[in-house]
Amino acid sequence: MDLIPSEWCDKFFLPKSQKKLNDCYQNALCLLTEEGIAVRPSQAGLFIWMNLRPFMGKRTTEEEMELFQAFITAGVYVVPGSELRCVEPGWFRLVMAVSEEELSVGIKRLSGVLKCWKP
């Protein structure tokens, strides 16, 4: 006996989840693009990779961590790429699978830090 009927999963749950995640992705992509932040194109997932290298001066792991601390101080948490074994400092992972309001507030905070960031 299946705990979750496969028909319900295949015809309702998965398509609905995929649509919600795609909507989150499109919203995040739009908001980040408006702020001049480039992203790595994605097909699926709960997060989006942001390229913040253009906002950095030395583009070192140390500077990436300083930028991370500035984001924390501003009340937004994004994961520095170096913490996920990314070889190029300046990539950050943003969880996009949140409400539109949370995403908008977070990206505004992130953008505010970047506008004041002096490499």
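Predicted model, so just to flag it, every value in this text is computed and none were measured.
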Atom CD of E100 with >12 non-hydrogen neighbours under 6.0 angstrom: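 Counting neighbours around CD of E100, 12 or fewer heavy atoms of other residues, nucleotides or ligands fall under 6.0 Å, so no.
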Nearest atoms (heavy-atom pairs only) where [X] meets [Y]:
{"X": "A97", "Y": "C24", "answer": "CA-SG, 4.1 Å"}
{"X": "L21", "Y": "M96", "answer": "O-CE, 4.1 Å"}
{"X": "G36", "Y": "F55", "answer": "O-CZ, 3.8 Å"}
{"X": "I37", "Y": "N51", "answer": "CG2-O, 4.4 Å"}
{"X": "Y25", "Y": "S42", "answer": "OH-N, 3.2 Å"}

At what distance, to the nearest 0.5 angstrom, does [atom1] of [X] lie from [atom2] of [Y]?
{"X": "I48", "Y": "L94", "atom1": "CD1", "atom2": "CG", "value": "7.0 Å"}
{"X": "E62", "Y": "L67", "atom1": "CD", "atom2": "CG", "value": "13.5 Å"}
{"X": "C86", "Y": "W49", "atom1": "SG", "atom2": "CH2", "value": "5.5 Å"}
{"X": "M50", "Y": "L114", "atom1": "CE", "atom2": "CG", "value": "8.0 Å"}
{"X": "N22", "Y": "N27", "atom1": "CG", "atom2": "CG", "value": "11.0 Å"}
{"X": "I72", "Y": "R109", "atom1": "CD1", "atom2": "CZ", "value": "11.0 Å"}

Hydrophobic cluster membership, with links at side-chain heavy-atom distances under 4.5 Å among I/L/V/M/F/W/Y: are [X] and [Y] in one?
{"X": "W8", "Y": "L14", "value": "yes"}
{"X": "V105", "Y": "L29", "value": "no"}
{"X": "V79", "Y": "L46", "value": "no"}
{"X": "W91", "Y": "L84", "value": "yes"}

Test side-chain hydrogen bond (donor to acceptor under 3.5 Å, both in side chains) applied to T60 and E63, step by step: CA-CA 5 Å; T60 62; E63 185 183 14; 4.8 Å; no
Pairing residues for P89 by the side-chain contact (heavy atoms from CB on, under 4.5 Å) criterion, not counting sequence neighbours: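 Partners of P89 by the side-chain contact (heavy atoms from CB on, under 4.5 Å) criterion, ordered by chain and then number, come out as R53, T61, E64.
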Minimum side-chain heavy-atom gap S104-E101 below 4.5 Å: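 No, their side chains stay 4.5 Å or more apart.
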Side-chain heavy atoms of R93 within contact of V78, under 4.5 Å: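 No; the side chains remain at least 4.5 Å from each other.
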Side-chain donor or acceptor of E102 paired with backbone N/O of S99 under 3.5 Å: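 Yes.
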For F71, the option from Y77, W117, F92 that meets ring pair (Phe, Tyr, Trp, His ring centres under 6.0 Å):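 Going through the options one by one, the only one that passes is F92.
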Sequence neighbours excluded, every pair satisfying salt bridge (charged side-chain N to carboxylate O under 4.0 Å, His left out) that has a member inside residues 14-36: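 Matches after skipping sequence neighbours: K19-D23, E35-K115.
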